Structure formats: C-alpha cells, structure tokens
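For reference, the structure is listed below as structure tokens.
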Amino acid sequence: MALAGVCNQLTLAREYALLGDYDISLEYFGDVLAQVDRHIRNKDDAYMQKKWLKVKNELVEEIELVKQLDGAKTAIRYGKSTSTYTRTHSSPLPT
C-alpha cells in the first residue's frame with residue numbers, strides 16, 4: 001500500500017469507528033499503523049522520521065480511544081459497569 005492508500009485506509013478506519021463497527025475500524029487502523037512503521041524505517045532524514053513518529057503517536061492515541069469505545073460498547077451490551085472506561089483528554093461539558 002502506498003502512502004496515498006494510507007489516507008483512504010485511515011478514512012475508512014475513522015468512518016467505521018463513527019458507525020460503531022470498532023472491530024473493522026481497528027483492522028484498518030492496524031494496517032495504517034503498519035504502513036506508517038514501514039515508512040518511518042525507510043526514512044533517512046532524521047527530521048522527517050521525527051515528524052512521522054509524531055503522526056504514529058497520534059495514531060496510536062486514536063486507536064486507544066477506539067479500543068476504549070469498543071470496551072464500553074461491550075460492557076454496555078453485557079450489562080457490566082462502564083465506570084472503568086473513562087474519557088481521557090476531556091474538557092468540561094458546556095452548561
């Protein structure tokens with residue numbers, strides 16, 4: 001998959017997450033993450049490696065959020081407490 005394909009895969013991953021299809025979303029995210037890893041390894045320029053590592057870290061954070069959503073959905077489905085699934089980086093809700 002070329003880097004152009006990564007954009008399409010990332011879009012699909014996000015769209016599936018929005019639809020609540022977290023398993024499919026995580027598969028697409030995994031493919032994107034693997035491609036980004038390969039791209040980082042092939043970069044000789046330290047500056048570009050640093051930029052791509054930042055992209056990778058942001059992607060990993062996004063994947064973790066989808067995993068949390070999936071866990072909360074599973075907990076709700078099976079009637080378990082969702083108190084262990086807390087939001088991170090949350091801002092106060094407007095009143």
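Everything quoted here is computed from the prediction, not taken from an experiment.
Note on Leu12 and Val60: separate hydrophobic clusters, where clusters join Ile, Leu, Val, Met, Phe, Trp and Tyr whose side-chain heavy atoms are under 4.5 Å apart, directly or indirectly. When hydrophobic clusters are built by joining Ile, Leu, Val, Met, Phe, Trp and Tyr residues whose side-chain heavy atoms come closer than 4.5 Å, directly or via intermediates, Ile24 is not grouped with Leu65.
Sequence neighbours left out, the pairs with a member in residues 11-25 that pass side-chain hydrogen bond (donor to acceptor under 3.5 Å, both in side chains) are Arg14-Glu62.
Between Lys50 and Lys54, every side-chain heavy-atom pair lies at or beyond the 4.5 Å cut-off.
Interatomic distance, Leu10 CG to Leu33 CG, rounded to the nearest 0.5 Å: 10.5 Å. Of the inter-residue distances, the one linking Leu53 atom CG with Leu59 atom CG reads 12.0 Å to the nearest 0.5 angstrom. Taken to the nearest 0.5 Å, the CD atom of Gln35 stands 10.5 Å off from the CD1 atom of Ile40. Distance OH/Tyr28 to CD1/Ile63: 14.5 Å, rounded to 0.5 Å. Rounding to the nearest 0.5 angstrom, the gap separating the CG atom in Asn57 from the CH2 atom in Trp52 is 13.0 Å. Between Lys73 atom NZ and Tyr78 atom OH the span is 10.0 Å, to the nearest 0.5 Å.
Residues Gln49 and Lys43 approach most closely at NE2-O, 3.0 Å, considering heavy atoms.
Under the 3.5 Å distance criterion, the side-chain polar atoms of Asp70 are left unmatched by any main-chain donor or acceptor of Val66.
The side-chain contact (heavy atoms from CB on, under 4.5 Å) test with Val32 is passed by exactly one of Gln9, Lys56, Glu27: Gln9.
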